[in-house]
There are 2 protein chains.
Amino acid sequence: MLEKNLRKDAEKRRQVILEKAAALFAEYGVEHVSMRQIAREAGVGQGTLYRSYNNKGELCWDLIGESCIQNYDRIQSFLGDHTSSPIKDRLETALLYHLESLETHSPVLAAIQANSGGDEQQNVPFYSEHYESIHSVIVQLLNEVAKKTENLDLDPVFTADAIMAILRPDVYIFQRQHRGYSPEEIKNKLFHVFIEPLFHK
Amino acid sequence: MLEKNLRKDAEKRRQVILEKAAALFAEYGVEHVSMRQIAREAGVGQGTLYRSYNNKGELCWDLIGESCIQNYDRIQSFLGDHTSSPIKDRLETALLYHLESLETHSPVLAAIQANSGGDEQQNVPFYSEHYESIHSVIVQLLNEVAKKTENLDLDPVFTADAIMAILRPDVYIFQRQHRGYSPEEIKNKLFHVFIEPLFHK
DNA sequence: CGCGTTAGTGGACAGCGGTCCGCTTGTTAA
DNA sequence: TTAACAAGCGGACCGCTGTCCACTAACGCG
């Protein structure tokens, strides 16, 4: 929660928690830092930490959420300013902006993915509002493609699901570290597999 | 491990563990059953359980691994018997057989995905041999497509990664439960997004 | 300033995944 | 049959996520 009406002392503690968490994440890597470590380092009790954040995923979101929302706004702003640009360019730019966010935040986003909600949400790959927002943008753009292209039998929702599946944080990390692709390469491959076929006739 | 040289008493206990685990999974759902519950129900200690299986993922694999391997063999057998069939048919049949395995085993496969290896393997979406095997089949078939089609600039590895990303067990469950697609619909959508564009010219 | 109310605290607790070591039991050779 | 060896055992242990309640401290009002 970026906005909470907390008592002054509680707000101070929340700030200390965030600072210490960010420092620990930077030092050890987000996946190696436990909520206990964060509580200890911040000098607060377990209960206090969990009063601020339901789980590690929420804490992580508090660290990068603003940046992700800004990026989403950037996408929407771009799309709003370029309504007459070719749909292909708009789709590619939206995805490019999202990939930039992934490049910056993928370890923390992976921690959010792995540490949010209960059992039920663990089984929902696109649970987060943020991902749903990006997914929606893609669906809308694909719907536009579908309307403009008569012979193209396009499935916007499933296609967006497929794009979002390969853009999951852990998959992105895999592509970067295991496959050794650069961000530019991933971008080109993504466009090549998903976008270009839509415009080849 | 499907083959272990165990003492008779240990082998008996391993069988009991498997039987009780299968019963608990059937009753409560695999994601809701802990290793402690399994040990209790089987009447063995923690250490004994973990001597048989390093983690829940391994135990789950022991339950369905044979079936998955048989399915893989079925794919290879089909491909071996149909080398002169159109590549599109072979690709589609291989994926269809894999989808059938997913339909049967997705909750347990999702548990394997979520509960295997250490931190490092958690960040590798295609860690399991089984998934690597299917991935390889797809890459090989896509390589054939690439060779036979001159004007098609195909990226077999990334394309296979994308296919495997949408075929992850948790994503499959999401498509079935959240999107409400039938297995037939998922199959059609998968072919539509990934296969048909390869053969449209 | 004092008091009442309630937001906030921390650490004990439960249950989890996983480890490990003193003890037990199965197996084999003499 | 017996003894030696080592595979195998179980439960105490560690650290984790997350919960909860008796206690504390902040805040606002008179």
Side-chain angles (χ1 to χ4, degrees), chain A residues 1 3-18 20-21 24-25 28-62 110-123, chain B residues 1 3-18 20-21 24-25 28-62 110-123:
Chain A
M1 306 301 160
E3 293 294 335
K4 289 194 178 193
N5 295 318
L6 295 177
R7 272 175 13 189
K8 283 182 191 155
D9 60 329
E11 180 56 34
K12 279 199 179 171
R13 282 194 186 85
R14 198 180 66 84
Q15 287 301 320
V16 172
I17 289 167
L18 280 178
K20 297 298 185 181
L24 285 166
F25 291 166
Y28 298 106
V30 54
E31 66 276 9
H32 296 118
V33 178
S34 69
M35 289 293 264
R36 277 187 190 233
Q37 275 175 281
I38 295 168
R40 271 199 303 266
E41 192 79 3
V44 302
Q46 296 286 103
T48 300
L49 179 59
Y50 281 96
R51 179 180 289 271
S52 292
Y53 302 105
N54 284 324
N55 49 57
K56 190 172 168 184
E58 272 194 29
L59 188 154
C60 289
W61 180 252
D62 217 2
I112 293 170
Q113 180 190 337
N115 295 287
S116 295
D119 281 345
E120 297 186 24
Q121 295 202 3
Q122 285 276 16
N123 289 336
Chain B
M1 304 300 160
E3 292 295 335
K4 290 194 177 191
N5 294 317
L6 295 178
R7 277 178 7 190
K8 282 182 195 161
D9 60 331
E11 181 55 35
K12 277 197 185 176
R13 281 193 188 86
R14 199 181 65 84
Q15 287 301 321
V16 172
I17 289 166
L18 279 178
K20 297 300 184 180
L24 285 167
F25 292 166
Y28 299 106
V30 54
E31 66 275 13
H32 296 119
V33 179
S34 69
M35 290 292 266
R36 273 173 202 241
Q37 273 177 281
I38 294 168
R40 271 199 303 267
E41 192 80 1
V44 302
Q46 296 285 102
T48 300
L49 180 58
Y50 281 96
R51 181 180 290 270
S52 293
Y53 302 105
N54 284 324
N55 50 57
K56 190 171 169 185
E58 270 193 33
L59 187 155
C60 290
W61 181 251
D62 217 2
I112 294 171
Q113 178 191 340
N115 295 289
S116 296
D119 281 344
E120 296 185 24
Q121 294 201 4
Q122 286 275 19
N123 289 335

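These numbers come from a predicted model, not from an experiment. Proteins come first, then strands; the chains are lettered A, B, ... in the order of their sequence lines, and each starts at number 1.
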- Task: Could you tell me whether B:Ser34 contacts a base, only the sugar-phosphate backbone, or nothing, with contacts defined as non-hydrogen atoms closer than 4.0 Å?
- Result: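 Sugar-phosphate contact only.
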- Message: Going by side chain to side chain contact (heavy atoms under 4.5 Å, CB included), B:Val33 matches just one of B:Gln37, B:Met35, B:Glu31, B:Arg36. Which one?
- Response: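 Considering B:Gln37, B:Met35, B:Glu31, B:Arg36, a side chain to side chain contact (heavy atoms under 4.5 Å, CB included) with B:Val33 is found only for B:Gln37.
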- Message: Looking at B:Arg51 and D:dG10, is any side-chain donor or acceptor paired with a base atom of the opposite kind under 3.5 Å?
- Response: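 There is none.
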May I have the distance from [X] (atom [atom1]) to [N] (atom [atom2]), rounded to whole angstrom?
X        : N      : atom1 : atom2 : value
B:Gln46  : D:dG10 : CD    : P     : 10 Å
B:Arg36  : C:dT19 : CZ    : P     : 12 Å
A:His32  : D:dG15 : NE2   : P     : 17 Å
B:Arg40  : D:dG10 : CZ    : P     : 14 Å
A:Leu49  : C:dG8  : CG    : C1'   : 14 Å
A:Lys12  : D:dA25 : NZ    : P     : 16 Å
A:Asn115 : D:dC16 : CG    : P     : 14 Å
B:Lys8   : C:dG26 : NZ    : C1'   : 10 Å

- Check whether any side-chain nitrogen or oxygen of B:Arg13 sits under 4.0 Å from OP1 or OP2 of D:dC9, and answer yes or no.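 The answer is yes; a side-chain N or O of B:Arg13 sits under 4.0 Å from OP1 or OP2.
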- OP1 or OP2 of C:dG10 sitting under 4.0 Å from any side-chain N/O of A:Thr48?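 Looking at the OP1 and OP2 atoms of C:dG10, one of them is under 4.0 Å from a side-chain N or O of A:Thr48.
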- Message: Pick the closest DNA chain D nucleotide for B:Ala10 and for B:Gly47 by heavy atoms, then say which residue is nearer the 5' end.
- Response: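 Here B:Ala10 is the residue nearer the 5' end.
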- Which comes earlier along DNA chain C counting from the 5' end, the contact point of A:Gly43 or that of B:Tyr50, where each point is its nearest nucleotide?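 Between the two, 5'-proximity favours A:Gly43.
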- For B:Val33 and for B:Asp9, find the nucleotide of DNA chain C with the closest heavy atom, then tell me which residue's nucleotide is more 5'.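 Looking at the nearest nucleotide for each, B:Val33 comes out on the 5' side.
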- Message: Tell me whether A:Glu11 is salt-bridged to A:Arg14, with the criterion being a basic N under 4.0 Å from an acidic carboxylate O.
- Response: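 Salt bridge flag = yes for A:Arg14 with A:Glu11.
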- Query: Between B:Arg51, B:Glu58, B:Lys56, which is the residue that forms a side-chain hydrogen bond (donor to acceptor under 3.5 Å, both in side chains) with B:Asn54?
  - Reply: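 Between B:Asn54 and the candidates, side-chain hydrogen bond (donor to acceptor under 3.5 Å, both in side chains) is satisfied uniquely by B:Glu58.
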- Query: With side chains defined as the heavy atoms from C-beta onward, is the minimum distance between A:Ser52 and A:Ile17 less than 4.5 Å?
  - Reply: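 Of all side-chain heavy-atom pairs linking A:Ile17 with A:Ser52, at least one is under 4.5 Å.
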- From D:dG8, D:dA26, C:dG18, pick the nucleotide closest to the side chain of A:Arg7?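 Ranking D:dG8, D:dA26, C:dG18 by closest atom to the A:Arg7 side chain puts D:dA26 first.
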- Task: Please round to the nearest 0.5 Å and tell me the distance separating atom CG of B:Leu18 and atom CG of B:Asp62.
- Result: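 The CG atom of B:Leu18 sits 5.0 Å away from the CG atom of B:Asp62.
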